[in-house]
Undergrad: 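This structure is in structure tokens; I'll ask about it shortly.
Here the structure is a predicted model, which is why all the values come from computation and not from measurement.
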Amino acid sequence: MNPTTMKRIAIELGVSITTVSKVLNHHADISDATRSRVLAKVEELGYQRNAVARSLTLRRTHTLGIVIPDLMHSFFVEIIAGIEPVASGGGYGLLLCSSGEDPQKERAELEMLRGRQVDGVVLASSYASANTDMLLRLTRLGTSLVMIDRDDYPGVRCHRVLTDDERVGALATSHLLHVGRRAIAHIGGPPIVHAKRREKGWRDTLRARAVHVPDEWLVRGGFMESDGYRAMTRLLTLRPRIDAVFAANDPAAIGAMKAVWDEGLRVPDDIAVVGVGDIALGDLLR
């Protein structure tokens, strides 16, 4: 609010300009009656506070940045749907960014969010730990950071919300063993920590059941549907043929299923498929 408007409100209400300023900036040392009178006059004049100017004064923007690797993956959409009402209820807006699993694009998005002076960042990091310096810079500036689903920055101190990925790999593989499958291949994710942990859960479970794991049973790909399709196409060339596959996430599993169907085979009769993530409408897949 400009000084002229503040002076007008002060004169009309018989209070000081300092009092008007304190009401607008939520100071506690103002009586409820005075606060109500000032706010009523502000509303009468149709004044809207300048959010940018206020952020400069308070050094807070009440904005959070969200950086996810894939806008099409319902797993991340559902996470955002969980974040939004909590953030909104606290008076925060969201800036949503997608890295496309590209560390350089992720860095550009983080730079943009730093320039916007967001109060916090929720990050599902892209491959490996290429942007450690950028994240350390953000935290040194006082920007809060929470990592979700990814755990590739051991040198960055922040809160993390993670899956027990070794347990995920063990559960998926144990299920396939339980239903009688033995030649269980794995479509691995990109070279990030939590994909490697899922791979470890798969490998350790097979070894614990005395199942030999040939090198060709593992195809490292990625988290996209196309990655799963390419990996499964390669696995289908193996002889003797595999009878099951554990994919590192649901989109890769869907790609694998398409490759199986294109080969004229049936899921799960010929090849059973397990994915990870419980994506929306995943239970409707045949």
Undergrad: For the backbone of Gly221 and the side chain of Arg230, can you confirm whether one donor and one acceptor N or O come within less than 3.5 Å of each other?
TA: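 Flag not set: sc Arg230 to bb Gly221 has no pair under 3.5 Å.
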
Undergrad: Is there a continuous path of hydrophobic side-chain contacts, each under 4.5 Å between heavy atoms, that joins Leu145 to Met112?
TA: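 Linked within one cluster.
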
Undergrad: Do the non-hydrogen side-chain atoms of Ile148 and Leu123 ever get within less than 4.5 Å of each other?
TA: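 No; the side chains remain at least 4.5 Å from each other.
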
Undergrad: Could you check whether atom CG of Asp29 has more than 12 heavy atoms from other residues, nucleotides or ligands sitting under 6.0 Å from it?
TA: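 Yes.
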
Undergrad: Ignoring hydrogens and geometry, is there a side-chain-to-backbone donor-acceptor pair from Thr237 to Arg234 under 3.5 Å?
TA: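 At least one qualifying donor-acceptor pair exists.
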
Undergrad: With distance as the sole test, does Thr233 use its side chain to make a donor-acceptor pair with the main-chain N or O of Tyr229 at under 3.5 Å?
TA: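 Checking the backbone N and O of Tyr229 against the side chain of Thr233, a donor-acceptor pair under 3.5 Å is found.
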
Undergrad: Is it true that Arg150 and Glu101 have a side-chain N and a carboxylate O under 4.0 angstrom from each other?
TA: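 Yes, charged N to carboxylate O under 4.0 Å.
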
Undergrad: Got a second to check how far Asp204's CG is from Arg209's CZ, nearest 0.5 Å?
TA: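 Between Asp204 CG and Arg209 CZ, I get 14.0 Å after rounding to 0.5 Å.
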
Undergrad: Determine, using the 4.5 Å side-chain heavy-atom cutoff (strictly less than), whether Val122 and Val193 are members of one ILVMFWY cluster.
TA: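 Cluster IDs for Val122 and Val193 differ.
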
Undergrad: Quick check: does any side chain N or O of Thr143 sit under 3.5 Å from a backbone N or O of Thr139, one acting as donor and the other as acceptor?
TA: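 Not confirmed, Thr143 side chain does not pair with Thr139 backbone.
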
Undergrad: How long is the gap from CD1 on Ile83 to CD on Glu78, to the nearest 0.5 Å?
TA: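 Output value for this atom pair is 12.5 Å.
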
Undergrad: Do Leu24 and Val42 touch side chain to side chain, with heavy atoms closer than 4.5 Å?
TA: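 Answer yes - side chains close enough.
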
Undergrad: For Ser74 and Val77, indicate whether the former's side chain and the latter's backbone hold a donor-acceptor pair under 3.5 Å.
TA: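 Such a contact is absent between Ser74 side chain and Val77 backbone.
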
Undergrad: Above 12 or not: heavy atoms from other molecules or residues under 6.0 Å from CG of Asp269?
TA: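 Yes, CG of Asp269 has more than 12 neighbouring heavy atoms, counting only those of other groups under 6.0 Å.
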
Undergrad: Please name the pair of heavy atoms, one in Thr61 and one in Gln117, separated by the smallest distance, quoted to 0.1 Å.
TA: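 Shortest heavy-atom separation between Thr61 and Gln117 comes out as OG1-O, 2.9 Å.
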
Undergrad: Taking atom CD as the centre, does Glu216 end up with more than 12 heavy-atom neighbours from other residues, nucleotides or ligands that are less than 6.0 angstrom away?
TA: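 More than 12 heavy atoms, drawn from other residues, nucleotides or ligands, come within 6.0 Å of this atom.
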
Undergrad: Hey, does Leu136 have a side-chain heavy atom less than 4.5 Å from the side chain of Arg140?
TA: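 Answer yes - side chains close enough.
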
Undergrad: So does Ala124 get a backbone contact from the side chain of Asp149, meaning a donor-acceptor N/O pair under 3.5 Å?
TA: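 No: the side chain of Asp149 does not pair with the backbone of Ala124.
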
Undergrad: Run Leu113 and Cys97 through side-chain contact (heavy atoms from CB on, under 4.5 Å) and show every step you take.
TA: CA-CA 9 Å; Leu113 293 173; Cys97 306; 4.1 Å; yes

Undergrad: Please check if the side chain of Asn249 supplies one atom and the backbone of Ala252 the other of a donor-acceptor pair under 3.5 Å.
TA: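 Yes; at least one donor-acceptor contact below 3.5 Å.
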
Undergrad: Return the CG to CZ distance between Asp164 and Arg198, rounded to the nearest 0.5 Å.
TA: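 Answer rounded to 0.5 Å: 10.5 Å.
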
Undergrad: Backbone N or O of Gly169 within a donor-acceptor pair of the Thr173 side chain at under 3.5 Å?
TA: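 Indeed, once roles are kept as given, a pair shorter than 3.5 Å links the two residues.
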
Undergrad: Suppose the criterion is ring pair (Phe, Tyr, Trp, His ring centres under 6.0 Å): which pairs have a residue in residues 182-201, not counting sequence neighbours?
TA: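 Qualifying pairs, neighbours excluded: His186-Trp202, His186-Phe246, His194-Phe223.
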
Undergrad: Are Ile242 and Leu236 connected in the hydrophobic side-chain network, where two residues link if heavy atoms are under 4.5 Å apart?
TA: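 Yes: a chain of side-chain contacts under 4.5 Å links Ile242 to Leu236.
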
Undergrad: If every non-hydrogen atom of Val276 is compared with every non-hydrogen atom of Ala247, which pair is closest and at what distance?
TA: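 For Val276 and Ala247, the tightest heavy-atom pair comes out as CG2-O, 3.7 Å.
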
Undergrad: Report the distance from atom NZ of Lys7 to atom OG of Ser16, rounding to the nearest 0.5 Å.
TA: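 If we round to the nearest 0.5 Å, Lys7:NZ and Ser16:OG are 13.0 Å apart.
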
Undergrad: Checking Lys41 against Glu12 for the salt bridge (Lys or Arg N to Asp or Glu O under 4.0 Å) test, could you report, in this order, the C-alpha distance in whole Å, the side-chain angles of both residues, the deciding distance, and whether it holds?
TA: CA-CA 9 Å; Lys41 180 59 70 173; Glu12 291 189 14; 2.8 Å; yes

Undergrad: Do Asp270 and Arg241 pass the side-chain contact (heavy atoms from CB on, under 4.5 Å) test, and can you show the C-alpha distance, the side-chain angles, and the key distance before you say yes or no?
TA: CA-CA 10 Å; Asp270 299 309; Arg241 194 171 70 196; 4.2 Å; yes

Undergrad: Hey, is the main chain of Ile192 close enough, under 3.5 Å, to the side chain of Asp152 for a donor-acceptor pair?
TA: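 No, Asp152 side chain to Ile192 backbone: no donor-acceptor pair under 3.5 Å.
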
Undergrad: Below 4.0 angstrom, N of the basic side chain to O of the carboxylate: do Arg197 and Glu166 qualify?
TA: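 No, this pair does not count.
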
Undergrad: Before you tell me yes or no, could you show the steps for Lys200 and Lys196 under side-chain contact (heavy atoms from CB on, under 4.5 Å), namely the whole-Å CA-CA distance, both residues' side-chain angles and the distance that decides it to 0.1 Å?
TA: CA-CA 6 Å; Lys200 185 176 186 301; Lys196 294 175 182 176; over 6 Å; no

Undergrad: Is there a path from Leu218 to Val168 through hydrophobic residues (I, L, V, M, F, W, Y) whose side chains come within less than 4.5 Å of each other?
TA: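 Yes; tracing contacts between hydrophobic side chains, which count when under 4.5 Å, links both residues.
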
Undergrad: With a 4.5 Å heavy-atom cut-off, do Leu96 and Leu71 have their side chains touching?
TA: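 Answer yes - side chains close enough.
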
Undergrad: Got Val274 and Val245 here, is their nearest side-chain heavy-atom distance under 4.5 Å?
TA: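 The answer is no, as the side chains (C-beta and beyond) never meet within the 4.5 Å cut-off.
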
Undergrad: Give me the atom names and distance for the closest heavy-atom approach of Gly189 to Ala195.
TA: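 It is CA-CB, 3.9 Å.
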
Undergrad: Counting only heavy atoms not in Arg160 (residues, nucleotides, ligands), do more than 12 fall under 6.0 Å from its CZ?
TA: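 Atom CZ in Arg160 is crowded, with more than 12 foreign heavy atoms closer than 6.0 Å.
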
Undergrad: Is there side-chain contact between Met147 and Leu135, with at least one heavy-atom pair below 4.5 Å?
TA: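 A side-chain contact under 4.5 Å exists here.
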
Undergrad: So do Ile184 and Leu176 actually touch side chain to side chain, heavy atoms under 4.5 Å?
TA: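 In contact.
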
Undergrad: Run the salt bridge (Lys or Arg N to Asp or Glu O under 4.0 Å) test on Glu111 and Arg114 for me, step by step, so that the C-alpha distance in whole Å, both residues' side-chain angles and the decisive distance to 0.1 Å come before the verdict.
TA: CA-CA 5 Å; Glu111 288 278 13; Arg114 183 175 70 88; 3.1 Å; yes

Undergrad: Enter the distance from Leu138:CG to Leu110:CG here, rounded to the nearest 0.5 Å.
TA: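 So the gap between those two atoms works out to 6.0 Å.
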
Undergrad: If you look at every heavy atom in Tyr153 and Asn131, which pair is closest and at what distance?
TA: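 Heavy atoms only, the tightest pair is OH-N, 3.4 Å.
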
Undergrad: What pair of heavy atoms forms the shortest contact from Ala248 to Gly188, and how long is it?
TA: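 Closest approach of Ala248 to Gly188, heavy atoms only: CB-C, 3.9 Å.
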
Undergrad: Are Arg182 and Asp243 within salt-bridge range, i.e. N to O under 4.0 Å?
TA: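 No, Arg182 and Asp243 are not salt-bridged.
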
Undergrad: Return yes if a side-chain donor-acceptor contact under 3.5 Å exists between Thr18 and Ser21, otherwise no.
TA: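 Short answer, no.
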
Undergrad: Do Phe76 and Ile66 touch side chain to side chain, with heavy atoms closer than 4.5 Å?
TA: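 They are not in side-chain contact.
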
Undergrad: Answer yes or no: does atom CZ of Arg8 have more than 12 heavy-atom neighbours from other residues, nucleotides or ligands under 6.0 Å?
TA: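 Result for CZ/Arg8: open.
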
Undergrad: If you take all heavy atoms of Val20 and Val15, which pair is closest and at what distance?
TA: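 For Val20 versus Val15, the nearest heavy atoms are CG2-CG2, 3.9 Å.
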
Undergrad: For side-chain contact (heavy atoms from CB on, under 4.5 Å), just list the numbers for Asp70 and Phe75, CA-CA rounded to whole Å, side-chain angles, deciding distance to a tenth of an Å, and then say yes or no.
TA: CA-CA 9 Å; Asp70 185 0; Phe75 175 83; over 6 Å; no

Undergrad: Using a cut-off of 6.0 Å, state whether more than 12 heavy atoms not belonging to Arg116 lie near its atom CZ.
TA: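 No, not enclosed.
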
Undergrad: Hydrophobic clusters here meaning ILVMFWY residues chained together by side-chain heavy-atom distances under 4.5 Å, can you tell me if Ile254 and Met224 are in one?
TA: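 No, Ile254 does not connect to Met224 through the hydrophobic network.
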
